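As the structure is a prediction and not an experimental result, all values here were calculated from the model.
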Protein chains: 2
Amino acid sequence: MAFNTPLTRKLGIRVPVVQGGLQWVAYAELAAAVSNAGGLGIINALTQPDPEHLRQEIRKTRSLTPNPFGVNITLLPALNPPDYPAFTQAIIDEGVKIVETAGNSPGPVIKKLKEAGIIVIHKATTIRHAKAAIRLGVDILSIDGFECAGHVGESDIASLILNSRARQELGDTPFIASGGFADGYGLMAALSLGAAGINMGTRFMCTVEAPIHLNVKQAIVKSDEHQTTLILRRWKNTSRMYSNQMTAKTIEIESTSKTGEFAEVAPVVSGARGREVLTGGDIQHGVWYAGQVMGLIHDIPTCAELITRIEREAEEVLSNLSRSIPSRQQPSRSKL
Amino acid sequence: MAFNTPLTRKLGIRVPVVQGGLQWVAYAELAAAVSNAGGLGIINALTQPDPEHLRQEIRKTRSLTPNPFGVNITLLPALNPPDYPAFTQAIIDEGVKIVETAGNSPGPVIKKLKEAGIIVIHKATTIRHAKAAIRLGVDILSIDGFECAGHVGESDIASLILNSRARQELGDTPFIASGGFADGYGLMAALSLGAAGINMGTRFMCTVEAPIHLNVKQAIVKSDEHQTTLILRRWKNTSRMYSNQMTAKTIEIESTSKTGEFAEVAPVVSGARGREVLTGGDIQHGVWYAGQVMGLIHDIPTCAELITRIEREAEEVLSNLSRSIPSRQQPSRSKL
């Protein structure tokens, strides 16, 4: 079975499913497994310590899959920002064909990527930002709803609304529905709304090939849709995380701090601690990204098993929908 | 064109679209217009001052449409609760076939309705509440996501997730997707997730037949998806409202009140003021329900125009989806 959407055509992939460019998760192993299964695998640029390591990771991915894959580069405010131009140059030099950008002020990076002829997918949590990205020349939008893991934005607009808005507002630019997707039912819902495919983050964290500790995957399986917490709203950097001791501590500081200084909360939400959760498996040790979609995730399949299942579910949905709207087609057939 | 879903079969309607049982909006005129158009119109029981007026409204609705319609009865905590048993008895006496229940502790009302052989649809914002309602004997669930107008619950789970959870958890009980729906694209997304139809509230407020002031309808048309505010979270009665001066005032009291007494906020959020908005048309005068779906609403059609459009959009989606998954069907046809 093959899909035929603006996303599969534009990216040269078989199934319109894009793996989230997950920090500390999106390494070559996972990206190659997704691409080999027919989706679009993505490696995370800034998970690599420097541009040279990113070059190696790109080469490693290419050695593991003959299929298209992408690189994610996320621009976030930081005291000591990474050397974005050097990372971008590494991506260009290594002949990467598809890049996912996200975060603030991506203009200079997008410009450089477009000059190199790279297909750019940009993540946005509002229609206003999506339109601004189109003006910057991006090829595809990834529309990220309130239910997503990680940076949800400050508008709290659910995927159902945001993707319908994208269909109404973004003209010919294809868009990927992101936030809340885990299966073929969600894929068909997204395609119904006008999306060209879906992005899945939390679901791909919970696959055999995701290079993270088994405890984390098992925590996702055990959790339901209620097991996430929004933190850092006070600092306009609202992020959806797995609910644990550290998110509780963050919320406590957030609601009681008199100074409102980020420094008070910084040690609790540190990226280093979050990374240690993924490598060490102590799910209480730091804050880590997870979406409401945890409620829909009940197993740890291989990426190939997952994508095959999604294809089967999509066919099941199409067949159900055809049965739900029978009248127009039946008369025309009976006339044949 | 006719749909064929568990909802259309069970309720005897043509299009699986249910009108929200909107307080101060869901009168006979609107309900009859929706039912005449092929959906399920609903009148709101407690919008009537007493059971006798409800009897009159039921008879009026029946005089305006030969098609099935329902009555909504919402049970909310109140200092002086309405005479629920008497309202319920009026519904039974008048031969109503379909009732939508919502709110807290609906057990006694549901029991009485079921004993009278009435089809009961119950609204729930969590899977746990949905399952409890099934144990009480309800026939159909209406699953209300975070993006909805009015009472969103305290869990903030988006429709996309909640309806997929319903598919996974509710067994053979059909469910209606509610919160975030306005068109045929959303209907097909809901059917993809496993729902048997959709409920639309804000969208039906913005129709010709909705018996409310034109200013309110025009405010919905002008607003985008950002124009709602969640209020009353502090009192665990979180409600999504049109953002105006009164929601701003509510939020201010909510975040600064030292006592946390509901009495401080009560005059601002009074139902009487909200009702005056709908009748008088001063959209700043009180708080009034509206969903994120306002962003998708750009006109004020008749209910018949709206339903016809939804049918056309649903066909368009089905045709798009069939083209997006071409491979399985094409080979089998070429073998014919």
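- Using a 4.5 Å heavy-atom threshold, the side chains of A/Leu318 and B/Leu318 count as touching.
- At most 12 non-hydrogen atoms from other residues, nucleotides or ligands lie less than 6.0 angstrom from CZ of B/Arg128.
- We find that B/Asp156 and A/Arg240 are not joined by a salt bridge, their nearest charged nitrogen and carboxylate oxygen being 4.0 Å or further apart.
- Residue contact with chain B, scored on non-hydrogen atoms closer than 4.5 Å, involves the backbone and the side chain of A/Ser324 alike.
- Taken to the nearest 0.5 Å, the CD1 atom of B/Ile161 stands 11.0 Å off from the CZ atom of A/Phe146.
- Each of A/Gly295, A/Ser155, A/Ala190 has some count of heavy-atom pairs under 4.5 Å with chain B, and the biggest count is that of A/Gly295.
- Contact annotation for B/Ser164: both backbone and side-chain heavy atoms come within less than 4.5 Å of a heavy atom of chain A.
- Contacts between B/Gln292 and chain A at a heavy-atom distance below 4.5 Å involve backbone atoms as well as side-chain atoms.
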- prompt: Should B/Arg167 and A/Asp183 be marked as a salt bridge (Lys or Arg N to Asp or Glu O under 4.0 Å) after you check the CA-CA gap, both sets of side-chain angles, and the distance that decides it?
  reply: CA-CA 12 Å; B/Arg167 181 191 70 249; A/Asp183 54 34; 3.4 Å; yes
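- Considering all non-hydrogen atoms of both residues, B/Leu321 and A/Leu191 come closest at CD2-CB, 3.5 Å.
- A donor-acceptor contact shorter than 3.5 Å is absent between the side chain of B/Arg165 and the backbone of A/Glu225.
- How far OG of A/Ser159 is from CD of B/Glu147: 9.0 Å, rounded to the nearest 0.5 Å.
- Atoms CD1 and CE, on A/Ile325 and B/Met188 in that order, are 3.5 Å from each other to the nearest 0.5 Å.
- Scanning both residues, B/Ala158 and A/Ala158, for their nearest heavy atoms gives CB-CB, 4.1 Å.
- Taking A/Leu187, A/Ile157, A/Thr5, A/Val317 one by one and counting their heavy-atom pairs under 4.5 Å with chain B, the maximum is reached by A/Ile157.
- Side-chain contact between B/Arg323 and A/Asn4 is absent, with no heavy-atom pair separated by less than 4.5 Å.
- Counting heavy-atom pairs closer than 4.5 Å to chain B, the top-ranked of the candidates A/Gly291, A/Ala189, A/Pro16, A/Gly184 is A/Ala189.
- Among the candidates A/Gly194, A/Gly186, A/Ala182, A/Gly180, the residue making the largest number of heavy-atom pairs closer than 4.5 Å to chain B is A/Gly180.
- Contact of A/Thr8 with chain B is not made at all, since no heavy-atom distance falls under 4.5 Å.
- The greatest number of non-hydrogen atom pairs below 4.5 Å with chain B, out of A/Leu230, A/Leu193, A/Asp224, is found for A/Leu193.
- Contacts between B/Thr228 and chain A at a heavy-atom distance below 4.5 Å are absent for every atom of the residue.
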